[in-house]
Structures are given as structure tokens and as C-alpha cells.
Colleague: 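My questions will all concern the structure given below.
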There are 2 protein chains.
Amino acid sequence: MEALAEYFKVFSEPNRLAVLEALRGGPLNVTAVVDKTGLSQALVSKHLKLLTIAGVVQRRPEGSLVFYEVIDKSVFKLIGQAEKLLLAARRQQLDALAAIL
Amino acid sequence: MEALAEYFKVFSEPNRLAVLEALRGGPLNVTAVVDKTGLSQALVSKHLKLLTIAGVVQRRPEGSLVFYEVIDKSVFKLIGQAEKLLLAARRQQLDALAAIL
DNA sequence: CAGCAAAACAACGTCATCGTGATACTGGGT
DNA sequence: ACCCAGTATCACGATGACGTTGTTTTGCTG
């Protein structure tokens, strides 16, 4: 339960999600992720390190570049499921509000 | 993306997950959750409020008690999926380690 | 109405995380 | 050997979340 919370925490940061989203199409090196997301280089590096430690992403140096790649693409299913639940929750909240008014 | 991160954050806290887990079996009042989790009353109340605001849980006063219930049980599917990914990530990390040694 | 248990709220200290700016490391090309 | 682009790391300040303690509200009961 402790560990599970930590795992969820990985996805609980907008910029980290943006980095992941940038990697949806396939492997990218750090600079490419920087360009795609508009985040600072230091920040992207940090988030990629976290994602690597979490086992979500794999680091692969290639010459002087370093490519990162999503290991198990089913993380995007997790994200999709969360998006679905989020929408449902929003709907539910509106319904609850309507029931009061 | 902003909102999605916030949603993930709901599940990124061990005690909050414990509260949710306590509610897996069905509706419970606050004191029951306190007993099941061993957390302080104030803390349980706080987490339940958060879960309510997030639209994960529904508040239903009944007499002098207040019952809370998980609205959409498929949140447990989300949790299950995350557990699965967590295990896979752990396995992958071990493999990567073995490849080095 | 007084008293009591359940639940919520407020204020506070503490700790973790985020993002930045500056600096170090690394490998390839000249 | 040197320089440069790419990447990683460090130190720092700011912000926000967590948990606790103490207090307040609420609704039942006698």
C-alpha cells in the first residue's frame, strides 16, 4: 500500500505526465523531450530520472545522446482509465449539484 | 493534464488508499473507518472530505452518523491495474540488474 | 434543555517536492 | 588535446501536503 501510493505519485505531476505523453510516440532523446514539452532541460532530466527509477521508462545512451523509452505501454491504459474515471467523477458531481438545486 | 495529475494525486497517499480500502466492502461511517484503519478521527475525516471533493466517495448522513460510500467501484480496477504495473516495473528492474551482473 | 457521542473544522509545525540557475560531467568531432 | 552539444547534478527558495492537538458543530437521548 505504501509502495502503491508511491507509484501513483509518479503520475500525480502535470509536467511528468507531459514528459510521458511526449514519449507516447516512441523513444526520444532528452533534448527532443525538452522541445516537445517546453520544459527546462534540468527539469526534464529530473523527471526522466524519476520515471526511470520508477521503472516506467528505460534509459538508453546512443552515442552522445540519451534516449528514453516507455517500457510497458500499458501505462497509457492506466492513464486512459484514470481519465475516464475523472470524467465520470465530474459528471457525478454535476448531478449531485443538480439534485440540490 | 493538470486535472489528471490532481486525480492521480488522490491515490498517491498511503492513508488515503487505506481509507479507500476500508470502504471496499461497502458503506461505512467515519468511526468504522477509524477503527478499520487505526488512523486518527481528524485525519480520516480530512481524507474522506478530499475523496468526496474528488468525486470518488459519496457522503450520506444517517441520523447522527455519516456514512461514506465509493461511488464508482471501478476505481478499484484502476488500483488493481496500478498494482499490476508496479509489479511489472519491479520485475523489469530486477531483470535490468541481472543483465548488468 | 442538558449532556453526550460523532463528525468537522482551525491553526500550527514539519517535511517533501517542485522548478530554477549555475555548475559539472560525457563523448564525439576537429 | 580541446571544444562543444547533450545530459546530469547541486544548492537553494518557495510552495503545498500531511498529521496532530484542541475546539466547535451537529443531532440524538434522557
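Keep in mind that what you see is a predicted model, and the values were worked out from it rather than measured. Naming convention: chains lettered A, B, ... in sequence-line order (proteins, then strands); numbering from 1 in each chain.
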Colleague: Is the backbone of B:Gln41 close enough, under 3.5 Å, to the side chain of B:Ser45 for a donor and an acceptor to pair up by distance?
Modeller: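 Not at all, since once roles are kept as given, no pair shorter than 3.5 Å links the two residues.
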Colleague: OP1 or OP2 of D:dG6 sitting under 4.0 Å from any side-chain N/O of A:Tyr68?
Modeller: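 Checking D:dG6 against A:Tyr68, no side-chain N or O comes under 4.0 Å of OP1 or OP2.
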Colleague: What is the distance, rounded to the nearest whole Å, between atom NZ of A:Lys46 and atom C1' of D:dA8?
Modeller: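 Spelled out: NZ on A:Lys46 to C1' on D:dA8 is 11 Å.
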Colleague: For A:Leu51 and D:dT7, give me the distance from atom CG to atom P, rounded to whole Å.
Modeller: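 Rounded to the whole Å, the gap is 16 Å.
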Colleague: Please work out if A:Glu13 contacts a base, only the sugar-phosphate, or nothing of the nucleic acid, heavy-atom cut-off 4.0 Å.
Modeller: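 Sugar-phosphate contact only - A:Glu13 comes under 4.0 Å of backbone atoms but never of a base.
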Colleague: So which nucleotide from D:dC18, D:dA8, D:dT20 ends up closest to the side chain of B:Ala42?
Modeller: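 Given the options D:dC18, D:dA8, D:dT20, the side chain of B:Ala42 is closest to D:dT20.
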Colleague: Backbone N or O of A:Leu43 within a donor-acceptor pair of the A:Ser40 side chain at under 3.5 Å?
Modeller: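 Indeed, once roles are kept as given, a pair shorter than 3.5 Å links the two residues.
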Colleague: Establish, with yes or no, whether the OP1 or OP2 oxygen of D:dG6 is under 4.0 angstrom from a side-chain nitrogen or oxygen of A:Asn29.
Modeller: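 Indeed not, no polar side-chain atom of A:Asn29 lies that close.
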Colleague: Among the candidates C:dG21, D:dT20, D:dA8, find the nucleotide nearest to the side-chain atoms of A:Arg59.
Modeller: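 Taking heavy atoms from C-beta onward, the closest nucleotide is D:dA8.
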Colleague: Between A:Leu43 and B:Leu48, name the one whose nearest nucleotide on DNA chain C is closer to the 5' end.
Modeller: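 Residue closer to the 5' terminus by nearest nucleotide: B:Leu48.
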Colleague: Measure CD/A:Glu62 against P/D:dT7 and give the value in whole Å, please.
Modeller: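 Distance check: A:Glu62 CD to D:dT7 P gives 11 Å.
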Colleague: Closer than 4.0 Å, any side-chain N/O of B:His47 to the OP1 or OP2 of D:dA17?
Modeller: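 False: B:His47 side-chain N/O out of range (4.0 Å or more) of D:dA17 OP1/OP2.
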Colleague: What closest approach, in Å, do A:Ala54 and B:Ala89 show between heavy atoms, and which atom pair accounts for it?
Modeller: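 Heavy-atom minimum between the residues: O-CB, 3.5 Å.
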Colleague: What's the CG-P distance between B:Leu39 and D:dC18, to the nearest Å?
Modeller: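 Distance check: B:Leu39 CG to D:dC18 P gives 13 Å.
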Colleague: If you look at every strand shown and take non-hydrogen atoms under 4.0 Å, does A:Ser45 touch a base, only sugar-phosphate, or nothing?
Modeller: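 The residue A:Ser45 makes base contact.
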Colleague: Can you tell me the distance, in whole Å, between the CZ atom of A:Phe8 and the P atom of D:dA17?
Modeller: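 Value for this atom pair: 18 Å.
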Colleague: Base, sugar-phosphate or nothing for A:Lys49? Non-hydrogen atoms, less than 4.0 Å.
Modeller: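 Touches sugar-phosphate only.
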Colleague: Can you tell me if the side-chain N/O atoms of A:Ser64 get under 4.0 Å from OP1 or OP2 in D:dA5?
Modeller: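 Checking D:dA5 against A:Ser64, no side-chain N or O comes under 4.0 Å of OP1 or OP2.
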Colleague: Would you indicate which nucleotide in C:dG19, D:dG19, D:dA17 comes nearest to any side-chain atom of B:Lys9?
Modeller: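 Nearest nucleotide to the side chain: D:dA17.
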Colleague: Using the ring of B:Phe76 (Phe, Tyr or Trp, six-membered ring only), decide whether B:Arg24 places NZ or CZ under 6.0 Å from its centre and within 45 degrees of its axis.
Modeller: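 Yes - B:Arg24 lies over the ring of B:Phe76, closer than 6.0 Å to its centre and within 45° of its axis.
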Colleague: Considering only heavy atoms and no angle criterion, is a donor-acceptor pair shorter than 3.5 Å present between the side chain of B:Gln41 and the base of C:dA6?
Modeller: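 Between C:dA6 and B:Gln41, which were checked side chain against base, a qualifying N/O pair under 3.5 Å is absent.
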Colleague: Taking CG from A:Leu50 and P from C:dT17, how many angstroms apart are they, rounded to a whole number?
Modeller: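 Answer to the nearest Å: 9 Å.
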Colleague: With no hydrogens and no angle check, is any side-chain donor or acceptor of B:Arg16 less than 3.5 Å from a backbone partner on B:Lys9?
Modeller: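 A pair under 3.5 Å: yes.
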Colleague: Just how far, in rounded Å, is C1' of C:dA5 from CG of B:Asp35?
Modeller: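 B:Asp35 atom CG is separated from C:dA5 atom C1' by 13 Å.
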Colleague: Is A:Phe67 touching bases, backbone alone, or none of the nucleic acid, heavy atoms closer than 4.0 Å?
Modeller: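 Nothing: the residue A:Phe67, judged by heavy atoms under 4.0 Å, touches no strand.
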Colleague: Ring of A:Phe67, cation from A:Arg59 - is the NZ or CZ under 6.0 Å from the centre and inside 45° of the axis?
Modeller: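 Ring-cation test returns no.
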Colleague: For C:dG19, does OP1 or OP2 lie under 4.0 Å from any side-chain N or O of A:Asn15?
Modeller: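 So the side chain of A:Asn15 is within the cut-off, an N or O lying under 4.0 Å from OP1 or OP2 of C:dG19.
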Colleague: Look at the side chain of B:Leu65 and decide which nucleotide, out of C:dA7, D:dT20, C:dG19, has an atom nearest to it.
Modeller: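 Of C:dA7, D:dT20, C:dG19, C:dA7 is nearest to the side chain of B:Leu65.
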